[in-house]
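Only a predicted model underlies this, so the values are computations on that prediction, with no experimental measurement involved. Side chains are part of it too, since the values below use all heavy atoms of this structure and drop only hydrogens, waters and symmetry mates. A, B, ... follow the sequence lines: proteins, then strands. Residue 1 opens every chain.
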Amino acid sequence: MEMEKLVSLCKRRGFLFQSSEIYGGFNGFWDYGPLGVELKRNIKDAWWRDMITGHDELSTPAGAAESFQMVGLDCTIIMHPQVWKCSGHYDLFHDFMVDCRQSKKRYRHDQVRGRWVEAKGKKIFVTIDPATEDESAEVERRALKFFKLRSKNKDELAWDGDFLSLTKLDDFSEVLGPDANELGTLTEPREFNLMFKTVVGALGSADDAAFLRPETAQGIFANFKNVCDSTRVKVPFGIGQIGKSFRNEITPRNFTFRSREFEQMEIEFFCRPDQSQEWYKYWRDRRFQWYLDLGLASERLQLRDHDADELSHYSTGTADIEYAFPFLPPGEFGELEGIAHRGDFDLRSHMEGKLDPNTNPLELEKDEHDQPRHRGSGKDLSYRDKETNERFIPHVIEPSAGADRAALAFLCEAYCEDEAPDENGKMQQRTLLKLHPRIAPIKAAIFPLVKKDGMPEVAQEIYRELKRDFNVFYDETGAVGRRYRRQDEIGTPFCLTVDSQTLEDQTVTIRDRDTLDQSRVPIAECAAELRRRIEG
RNA sequence: GCGGGUGUAGCUUAGUGGUAAAGCAAUGGCCUUCCAAGCCAUCGAUGAGGGUUCGAUUCCCUUCACCCGCUCCA
């Protein structure tokens, strides 16, 4: 399937538009049109119902160790700036970078190190790649090469001082970049802030800077104590949230896949540390099955466990649910959802201060004065088991899904072209979206076969009745075949048609989008039949 | 962020330094008794800004957006 065809259909039929298109568009932002908003809402509603409101806390689901509770939450997009310092996003998403005009490479400003050296009457600052292991040997090699000296003449190099970070220099005109062979190729350090910055308060100054959340998860951790105190939840339990998040992507690309404003569907599942591995596996498999059940059944969907070297030090497991989007090279997959075992990193960071993710067991991250790098809330976020009186900090399993990526994957998977007969029985190409009925924007279209003999009146009556429970659509224009095709293209799974027989026996035909099969259903049973086929 | 390519109607495309063309779609009508039929009519475009020119959609510059490759990526 070519991506351009899907993008074109999305625009033509009102699934997705480029944001601010009348002003030329805005990179990384996308709007959902009248059909797209229904699709996305159906996805979010399915998630919310399947994970939160529809969860049966009285029985033990297949694959789970015991029964558990699920509750929801809806937190603000802007939170106390300290949240992002303790979560690690502030440090991780906030860097000064320098670019090399010659090698086209980009480096963290504070990670580039080098030494001043003088030879042949010229003094330069030689830098090395931050990944270099033997810094001394490398800096010497590069200096010799720059001055066109043989290693036996290394005495001609006059070193001035020890290694320095690039942050100690103001002027880069005499700097040899890590991958450059001439001087002054590095740009001045530029701030890369992957978090959107804003100002709180109408007279806000720089001191009032706040951030739009780069993920919804932190709102859950910040409210962990509130939820425990207000709801009688007992570990194990999960808190779910759906909402917008914002990241200043460096390279937004691939339609809506990497957007700067996007919507997440996240669960933080809190459990006893000794049971966390079991729960991790449970959520990993359950979340994978959710996509399968909603129609991502092809080989384009995969569950991939991270290798050990991909894991954070404190995490004992992370898996990605990935989809082979058509815009990716063959064999490559894009992430739909990550299921991460986060241990107690988040709750403890919000208690004690930001922990160092490179430690295991986790330790508080300190600054150069041996003080906490980012102070925590100081609040006790541990959990007390009411029966055993045991107090502990729960471990967390985090299934974090992208709603927009899910919508895109469902669209990609649903798009297909087949052949259907025209009125002469000749096969014609047909474009259709084979969306699962649960997520299809319109559940059924109601047609009078022709616009006379009282058929429109009967069809409109059915339309009004079904409208009470379903998003249905009425159409009486043109030939019925054309109306079927229009619905096929937007993924409407069923069409109900009033014909002359309806006027005699009060039945209509129900047509299936994928098989083109038609059968007759009494008007009085249409709603029940639709419900059966949608939930089916 | 770098390099290359592309921007013409809702979609797919044509074309030109001098009135911008077509198919599909859409809308209204006629006709239509189950899978994009036909006929009539209607609506509708040169991404944005600037320059050269008597005149620019066409040439030049800038910018924005999209695509491809590289880079980066929670």
Colleague: Return yes if a side-chain donor-acceptor contact under 3.5 Å exists between A:E413 and A:Y415, otherwise no.
Modeller: no

Colleague: Whole angstroms only, please: what is the CD1-P distance between A:I22 and B:A48?
Modeller: 12 Å

Colleague: Between A:D512 and A:T515, do the side chains contain an N or O donor and an N or O acceptor separated by less than 3.5 Å?
Modeller: yes

Colleague: A:S8 or A:G478: which one's nearest nucleotide on RNA chain B is closer to the 5' end?
Modeller: A:S8

Colleague: Is there any protein nitrogen or oxygen under 3.5 Å from a nitrogen or oxygen in nucleotides 64-67 of chain B, and what are the pairs?
Modeller:
unit_1	atom_1	unit_2	atom_2	d
B:C64	O2'	A:G24	O	3.2
B:A65	OP1	A:N27	N	3.2
B:A65	O4'	A:G24	O	3.0
B:A65	O3'	A:Q18	NE2	2.7
B:A65	O2'	A:Q18	NE2	2.9
B:C66	OP2	A:N27	ND2	3.0

Colleague: Between A:R260 and A:E249 (salt bridge meaning N to carboxylate O under 4.0 Å), is one present in this structure?
Modeller: no

Colleague: If we take the C1' atom in both B:U71 and B:C11, what is their distance in whole Å?
Modeller: 34 Å

Colleague: Reading RNA chain B from 5' onward, which residue's closest nucleotide shows up sooner: A:T477 or A:D488?
Modeller: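 Residue closer to the 5' terminus by nearest nucleotide: A:T477.
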
Colleague: Could you give the CZ-to-C1' distance, from A:R12 to B:U12, as a whole number of Å?
Modeller: 9 Å

Colleague: Is any side-chain heavy atom of A:E21 closer than 4.5 Å to one of A:K11?
Modeller: yes

Colleague: Which whole-number value in Å describes the distance from A:D475 CG to B:U27 C1'?
Modeller: 13 Å

Colleague: Output the distance between atom CD (A:E322) and atom CZ (A:F288), rounded to the nearest 0.5 Å.
Modeller: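 The CZ atom of A:F288 is 10.5 Å from CD of A:E322, to the nearest 0.5 Å.
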
Colleague: Is the ring pair A:F211/A:Y90 parallel, tilted or perpendicular, if the boundaries are 30 and 60 degrees?
Modeller: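 Correct class here is perpendicular.
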
Colleague: Between A:H341 and A:H395, what is the ring plane arrangement, given parallel below 30°, perpendicular above 60°, and tilted in between?
Modeller: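 Taking A:H395 first and then A:H341, their aromatic rings stand perpendicular (interplane angle over 60°).
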
Colleague: Is the shortest side-chain N to carboxylate O distance from A:E261 to A:K244 below 4.0 Å?
Modeller: yes

Colleague: When the C1' atoms of B:U12 and B:U19 are compared, how many Å lie between them, rounded to an integer?
Modeller: 25 Å

Colleague: Identify each atom pair where a protein N or O and an N or O of nucleotides 36-43 of chain B are less than 3.5 Å apart, giving names and distance.
Modeller:
unit_1	atom_1	unit_2	atom_2	d
B:A36	OP1	A:E423	N	2.4
B:A36	O3'	A:R482	NH1	3.3
B:A36	N7	A:R485	NH1	2.9
B:A37	OP1	A:R482	NH1	3.0
B:A37	O4'	A:E423	OE2	3.3

Colleague: Taking the C1' atom of each, how far is B:A20 from B:A45, in whole Å?
Modeller: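 Taking atom C1' in both B:A20 and B:A45, they lie 9 Å apart.
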
Colleague: With A:W84, which residues qualify under ring-ring contact (aromatic ring centres under 6.0 Å, His included), at least two apart?
Modeller: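 In terms of ring-ring contact (aromatic ring centres under 6.0 Å, His included), with neighbours along the sequence ignored, A:W84 is linked to A:H89.
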
Colleague: Do the side-chain N and O atoms of A:T477 and A:D475 include a donor-acceptor pair separated by under 3.5 angstrom?
Modeller: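 Yes, A:D475 and A:T477 have a side-chain donor paired with an acceptor closer than 3.5 Å.
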
Colleague: Quick one, which residues of residues 451-467 of chain A touch RNA chain B with a heavy atom under 4.0 Å?
Modeller: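 Heavy-atom cutoff 4.0 Å gives A:K451, A:K452, A:D453, A:M455.
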
Colleague: At 4.0 Å (heavy atoms only), tell me whether A:L516 reaches a base, stays on the sugar-phosphate, or touches nothing.
Modeller: base

Colleague: Using whole Å, report how far CG of A:L6 lies from P of B:U12.
Modeller: 13 Å

Colleague: Rounded to the Å, how far apart are A:N248 CG and B:G1 P?
Modeller: 11 Å

Colleague: In terms of side-chain geometry, is the basic nitrogen of A:R284 or A:D305 positioned less than 4.0 Å from the acidic oxygen of its partner?
Modeller: yes

Colleague: Apply the side chain to side chain donor-acceptor pair (under 3.5 Å) test between A:R511 and each candidate in A:T497, A:D517, A:D488; give the one that qualifies.
Modeller: A:D488

Colleague: What integer number of Å spans the P atoms of B:A9 and B:A48?
Modeller: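 10 Å, rounded to whole Å.
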
Colleague: Return the residues of residues 492-499 of chain A meeting this criterion: a heavy atom under 4.0 Å from some atom of RNA chain B. Order them by number, or give none.
Modeller: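 Those residues are A:T497, A:D499.
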
Colleague: Work out how far the C1' atom of B:A41 is from that of B:G4, and round it to whole angstrom.
Modeller: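 Nearest-Å result for B:A41 against B:G4 at atom C1': 47 Å.
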
Colleague: Given atom CE of A:M195 and atom C1' of B:C73, what is their separation to the nearest angstrom?
Modeller: 16 Å

Colleague: By a strict heavy-atom criterion of less than 4.0 Å, which residues belonging to residues 501-512 of chain A are in contact with RNA chain B?
Modeller: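 Hits under 4.0 Å, by residue number: A:T509, A:R511.
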
Colleague: Assess the pair A:F255 and A:W30: is the distance between their ring centroids shorter than 6.0 Å?
Modeller: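 Ring centres of A:W30 and A:F255 closer than 6.0 Å.
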
Colleague: I'd like the C1' distance from B:G23 over to B:C59, given in whole Å.
Modeller: 31 Å

Colleague: How far, in whole Å, is B:G15 from B:U32 if one measures between their P atoms?
Modeller: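 Looking at atom P only, B:U32 and B:G15 are 42 Å apart.
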
Colleague: Which pair of non-hydrogen atoms, one from A:F325 and one from A:C412, has the smallest distance, and what is that distance?
Modeller: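 That closest heavy-atom pairing would be CD2-SG, 4.1 Å.
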
Colleague: P atom, B:U16 versus B:G10: distance in rounded Å?
Modeller: 23 Å

Colleague: For the pair A:K434 and A:D514, find out whether any cationic side-chain nitrogen is under 4.0 Å from an anionic carboxylate oxygen.
Modeller: no

